[in-house]
Amino acid sequence: MLFITQIRNPDHTDTMYENPRLILDSDEAPEPGRIVWRSPSNLAIIKYWGKYGAQMPRNPSLSLTLSASCTDMALEYSLKEVPDSRIGLGFLFHGEENAAFQAKIQAFLESLVPVFPFLTQLQMSIQTGNSFPHSAGIASSASSMSALALCLCSLEDALFGTLQEPAEFDRKSSFIARLGSGSACRSIFPHAAVWGASAAVPDSSDAYAVPAEHLLHPGFKDLHDDILIVSSQEKSVSSRAGHALMEGNPYAEARYAQAKSRLSTLIDALGAGDWEAFGKIAEDEALTLHALMMCSNPSYMLLEPNTIALIQKIRAYRAETKHPVYFSLDAGPNIHLLYPGEIIAEVRGWIEEELTPLLVDNWFIQDWVGEGPEEL
Ligand code: PMV
């Protein structure tokens with residue numbers, strides 16, 4: 001319970017994992033080692049949009065953990081021959097140097113030294129890559145930052161044996177992932193996760209996500225998410241800028257209240273296996289997210305004409321067939337098509353026939369709700 005007292009006080013949350021004792025003695029040099037994690041992306045059904053402090057969310061969010069869209073990351077480490085206070089990092093992305101990504105990871109690791117002081121004692125090398133092309137217009141920050149957080153927590157455990165308890169390992173991984181990219185903290189858990197303190201979810205916190213698999217009726221564990229690629233361009237306004245614009249958004253307070261109340265409604269729908277109620281919230285949340293962008297100051301729009309055309313086709317198909325087929329959107333123009341596995345053959349036939357002409361190179365990614373990260 002000490003934990004809960006800490007996390008509800010924002011002054012304490014940023015420092016809750018600082019630990020100056022996690023430092024290697026000079027006489028216990030560890031063997032060089034290698035840690036590899038595969039971590040998936042996630043799709044928020046209740047969206048996180050608006051933050052404060054160090055990536056703390058203005059409202060709670062609930063996501064489904066994906067499978068096919070993932071990052072593999074290998075972290076190799078050995079003790080530095082000559083100690084210094086810098087982060088020693090080699091970095092390869094899909095086997096090639098990438099100065100921009102390396103700089104981002106380097107800065108993030110530097111910010112984590114109070115949490116993992118041993119990082120400055122090591123020479124490290126990271127090799128990473130995504131299962132989807134970098135240019136797909138699909139955010140890779142959730143999968144990559146969760147993979148990095150998992151590697152770092154495994155590293156701490158390999159060196160000090162301090163994260164043996166699985167729930168504590170997951171909680172710390174989620175906390176670290178959040179510092180890298182807010183939504184990444186939800187990718188740690190199988191099937192579903194909730195991030196953000198909510199009276200509807202015991203032990204929930206702004207500082208890390210908690211598992212939410214138990215909230216799902218079995219039918220939702222067989223949910224498919226086919227990601228329809230409407231544009232593969234990098235988005236024109238980053239999520240970071242979008243979150244910041246919520247601070248001046250006239251609808252911000254109403255939005256945060258709405259997300260809180262929709263979370264309770266969604267939890268009821270997920271538990272009851274109620275696809276219609278689930279789908280209504282998923283679509284309302286997706287459109288609310290983009291409406292908030294459109295009424296920010298300055299206003300901006302990430303939807304493309306084919307996003308709207310697809311939404312109309314999805315609604316028409318649903319009305320005609322009565323199939324539980326719904327859409328969601330991330331902060332971009334690509335459609336996430338959500339439906340239960342039992343109608344996969346029919347839905348895929350419809351996608352191939354009717355929807356692919358609206359997609360970049362007829363391209364869609366077949367994804368589904370899955371088991372969460374895996375140590376390889
Ligand atoms: O984690 P960020 O800072 O990239 O923000 C992601 C926000 C949305 O993807 C739009 C919604 C969400 O909850 O994932």
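Each ligand, and each atom within it, is numbered from 1 in the order the structure gives.
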Open item on the list: Once rounded to the nearest 0.5 Å, what's the spacing between atom CZ of Arg171 and atom SG of Cys185?
Closed with: 13.5 Å
Task: Check: Gly196 main-chain N/O paired with Asn59 side-chain donor or acceptor under 3.5 Å - done: no
Open item on the list: What I want to know is whether Ser61 and ligand 1 share at least one N or O pair that is separated by under 3.5 angstrom.
Closed with: no
Task: Nearest candidate to atom 2 (P) of ligand 1, where distance is taken over non-hydrogen atoms, out of Arg186, His243, Met145 - done: His243
Task: Those atoms of ligand 1 less than 4.0 Å from some heavy atom in Ala44 - done: 12 (C), 13 (O), 14 (O)
Open item on the list: Just checking His243 against Tyr48, ring centres under 6.0 Å apart?
Closed with: yes
Open item on the list: Return the closest protein heavy atom for atom 9 (O) of ligand 1 as residue, atom name and distance.
Closed with: Asp330 OD1, 3.1 Å
Task: Donor-acceptor contact present, side-chain Asn42 to main-chain Ser183, <3.5 Å - done: yes
Task: Arg240 and ligand 1 - part of the residue with a heavy-atom distance under 4.0 Å - done: neither
Task: Closest protein heavy atom (residue, atom, distance) for atom 8 (C) of ligand 1 - done: Tyr48 O, 3.9 Å
TODO: Looking only at distances, please establish whether an N/O atom of ligand 1 is found under 3.5 Å from an N/O atom of Asn42.
DONE: no
Open item on the list: Give the atom numbers and elements of ligand 1 that come within less than 4.0 Å of a heavy atom of Ser239.
Closed with: 4 (O)
TODO: Please name the residue in the list Ser205, Pro60, Ser61 that meets the side chain to side chain contact (heavy atoms under 4.5 Å, CB included) test with Ser198.
DONE: Pro60
- [ ] Have a look at Asn362 and tell me which of Ile229, Thr356, Ile351, Leu355 forms a side chain to side chain contact (heavy atoms under 4.5 Å, CB included) with it.
- [x] Thr356
Open item on the list: Using a 4.0 Å heavy-atom cut-off, which part of Ser183 comes near ligand 1: side chain, backbone, both, or neither?
Closed with: both
Open item on the list: I'd like to check whether Lys47 has a polar contact with ligand 1, where a contact means an N/O of the residue lying under 3.5 Å from an N/O of the ligand.
Closed with: no
Task: N or O pair under 3.5 Å between Lys51 and ligand 1 - done: no
TODO: Pull out every atom of ligand 1 sitting under 4.0 Å from any heavy atom of Gly182, numbered as shown with elements.
DONE: 1 (O)
Open item on the list: Within this structure, what is the CE-CZ distance for the pair Met73 and Phe93, rounded to the nearest 0.5 Å?
Closed with: 9.5 Å
TODO: Scan Tyr339, Tyr326, Phe364 and name whichever one has a ring pair (Phe, Tyr, Trp, His ring centres under 6.0 Å) with His224.
DONE: Tyr339
- [ ] Answer with yes or no whether Gln55 contacts ligand 1, where contact means a heavy atom under 4.0 Å from a ligand atom.
- [x] no
TODO: Look at the aromatic rings of Phe91 and Phe101 and report parallel, tilted or perpendicular, splitting at 30° and 60°.
DONE: perpendicular
